[in-house]
Amino acid sequence: MNKILIANRGEIALRIMRTAKKMGIQTVAVFSEADRDAPFVRFADEAVCIGEAPSSKSYLKAKTIIKVAKELGVDGIHPGYGFLSENASFARAVKRAGITFIGPSPKSIKIMGSKLEAKAAVKKYDVPMVPGTDGAVTDIKEAKKVAKQIGFPILVKASAGGGGKGMRMVEELKELESQMKRAISEAESSFGDGSVFIEKFVTSPRHIEIQILADQHGNTLYLFERECSIQRRHQKVVEEAPSAVLTPELRQRMGEVAVKVAQSCDYEGAGTVEFLLDDKHNFYFLEMNTRLQVEHPVTEEITGIDLVEQQIRVARGEELSFKQDDLTINGHSFELRVYAEDPANNFLPSIGTLERYRPPHQDFVRLDDGFEEGMKIPIYYDPMIAKLVVHGANREEARQRMLEAIRSFEIKGIETTLPFGEYVLEHPNFISGDFDTNFIKHHFSKEIFENKDADEMQVAAKIALKAFLEAKDNLQTISTESANWQAR
Ligand code: MV4
């Protein structure tokens, strides 16, 4: 492979190009009009503008991208994450054009893109799954029967959904019919596939995912787990590896199950198998993501393996150069996603120019970013502006390094989630590792955030006062009161 095209933008385009260059591979960037001045465009050996800012007119234009690739004599396309990365037709079209798709086969993408096909594929591999229906449910009588058997609350999930899209919780029998109808019509309009299934609702799970790597010669390995429970409305905030709660035995069991999931669809390349882990340490297969994930750096930090390099090697047909027993966990890593969002304002996108952008310069810190001082953050794409990644000999050392990095990261001109990250990393439940996917729902309100420097009792008193005054429906008093209090 002499030249690869990166069908993506921002930090991930840069990150992929860095590895390509390290391997002596030429790089081609494709970019939209909004990204003309972006670092990834300059960093590439060649760059081609493929259209207007909206991704439907640029980063999602499969045909245009393949045409550019052919014209420039590209022999591999890396899709990054998002955009076309999990689009089986794109992977197929790339292959048909005589170009290597740096990722799994269209077949693997298709199977894992459908939760029901995924369940069917893993069926004979002894993979634990949440109690529920195997196939699509259309008949309300049958749905009621299943729901009664497994017990409420239940989730109605769209087969074509994922990452939280197309899910509905049903707490009692009398809501089931209307919720199911709604779920089906939503799935139909959002995904063009109205199939839904039912699962028991696991109340306070952790989200643990296993990184896997498979070559074309039948070798499939697991590169341990990432703990991704700290998320807000399905948007991950902090990830870490390893998880603070897995025992070596559980890690091995989950890793081996993840390998089986990958084998069930003849997977090749890098992939991620998602599990829910309940409070009794039962784990259940949720879905498989057939792409490089945003949070892959924490796995790289603890294993010392460059996942993009491995993706390229596997795509070239090479055999993996290490075995499961060669892999060990070295220390601990955290990733904080820095979003251009205002945590004090319901995480609304914060638009504007990076008037000042001075990342931390510190040992054991890796920053994957795609912007520079003076640049405008385009409103057309994901609001994530950087990934701050740290490594330490243990969890506490890594946590201290992350706090230090957050505090020395200077960003002016836009609001970011950096202070929110600091709040999370300092929270007693985060420090102890005692948290689940409800962490932010339970421990965060913008009142706490606005009063970050006050002690806990004071904050609690303020929240109580605010609730009391709101209940009295005395809005005038609230604003005056809280303003006075703040000033003291
Ligand atoms: C669940 C669940 C509880 N029980 N399934 C959300 C994203 C998608 N991958 C599946 N999701 C969930 N499925 C059952 N049977 C809870 C979630 C869930 C969740 C999962 C992972 C990380 C964060 C989450 C936040 C809310 C709900």
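Any value given below was found using the heavy atoms of this structure, including those in side chains, with hydrogens, waters and symmetry copies removed.
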In terms of side-chain heavy atoms, does [X] have a donor or acceptor partner in [Y] at a distance below 3.5 Å?
{"X": "D193", "Y": "S195", "answer": "yes"}
{"X": "T19", "Y": "R15", "answer": "yes"}
{"X": "E171", "Y": "Q179", "answer": "no"}
{"X": "S408", "Y": "R358", "answer": "no"}
{"X": "E415", "Y": "S350", "answer": "no"}
{"X": "E397", "Y": "H332", "answer": "no"}

For the residue pair Y125 and Q263, what are the closest heavy atoms and their distance? OH-O, 3.9 Å

F334 vs F430 aromatic rings, parallel, tilted or perpendicular, using cut-offs 30° and 60°?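 Ring orientation, 0 to 90° scale: tilted.
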
Using the ring of each side chain (for Trp, its six-membered ring), is H443 parallel, tilted or perpendicular to H427, with breaks at 30° and 60°?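 Because their plane-to-plane angle lies in the 30° to 60° range, the rings of H443 and H427 count as tilted.
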
Within a strict 4.5 Å, meaning less than it, do heavy atoms of the [X] and [Y] side chains meet?
{"X": "N282", "Y": "L276", "value": "no"}
{"X": "P378", "Y": "D35", "value": "yes"}
{"X": "I230", "Y": "E239", "value": "no"}
{"X": "L176", "Y": "K144", "value": "yes"}
{"X": "S333", "Y": "E240", "value": "no"}
{"X": "S243", "Y": "E209", "value": "no"}
{"X": "L250", "Y": "F283", "value": "yes"}
{"X": "M384", "Y": "E11", "value": "yes"}

Using the side chain to side chain contact (heavy atoms under 4.5 Å, CB included) rule, take L388 and D369 through it: C-alpha gap first, then chi angles, then the decisive distance, then the call. CA-CA 8 Å; L388 191 50; D369 62 0; over 6 Å; no

Please collect all side chain to side chain donor-acceptor pair (under 3.5 Å) contacts where either partner lies in residues 154-163, sequence neighbours excluded, each pair once.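 Those involving residues 154-163 are S114-S159, K157-E199.
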
Only pairs at least two apart or in different chains count here, so list each side chain to side chain donor-acceptor pair (under 3.5 Å) that has a residue in residues 375-384. S32-Y381

Full working for salt bridge (Lys or Arg N to Asp or Glu O under 4.0 Å) between R366 and E335: CA-CA 9 Å; R366 160 178 170 180; E335 171 179 282; over 6 Å; no

Aromatic contact, F420 with F444 (centres under 6.0 Å): yes

Does NZ or CZ of K21 lie under 6.0 Å from the centre of the six-membered ring of F43, at an angle within 45° of the ring axis?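 Yes, cation above the ring, under 6.0 Å and within 45°.
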
Compute both the distance and the angle, then confirm whether R206 meets the cation-pi test with F435: under 6.0 Å from the six-membered ring centre, within 45 degrees of the axis. yes

Could you give me the CA-CA distance, side-chain angles and deciding distance for E256 and Q324, then say whether side-chain hydrogen bond (donor to acceptor under 3.5 Å, both in side chains) is met? CA-CA 10 Å; E256 285 168 4; Q324 190 65 54; over 6 Å; no

Does NZ in K110 sit with more than 12 non-hydrogen atoms of other residues, nucleotides or ligands closer than 6.0 Å?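 Atom NZ in K110 is not crowded, with 12 or fewer foreign heavy atoms closer than 6.0 Å.
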
I'd like to know whether NZ of K123 has more than 12 heavy-atom contacts from other residues, nucleotides or ligands below 6.0 angstrom.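 Open.
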
Carboxylate-amine/guanidinium contact [X] [Y], below 4.0 Å:
{"X": "R337", "Y": "E295", "answer": "yes"}
{"X": "E309", "Y": "R313", "answer": "yes"}
{"X": "E404", "Y": "R407", "answer": "no"}
{"X": "E355", "Y": "K412", "answer": "no"}

Stepwise side-chain hydrogen bond (donor to acceptor under 3.5 Å, both in side chains) check, E227 with S229: CA-CA 6 Å; E227 161 77 70; S229 299; 2.3 Å; yes

Assess the residue pair R401 and H391 against the criterion (side-chain hydrogen bond (donor to acceptor under 3.5 Å, both in side chains)); give the C-alpha distance rounded to whole Å, side-chain angles, the decisive distance to 0.1 Å, and a yes or no. CA-CA 8 Å; R401 284 182 175 148; H391 185 265; 5.3 Å; no

Hey, mind stepping through N289 and E274 against side-chain hydrogen bond (donor to acceptor under 3.5 Å, both in side chains) and telling me if it holds? CA-CA 8 Å; N289 301 319; E274 290 187 11; 2.8 Å; yes

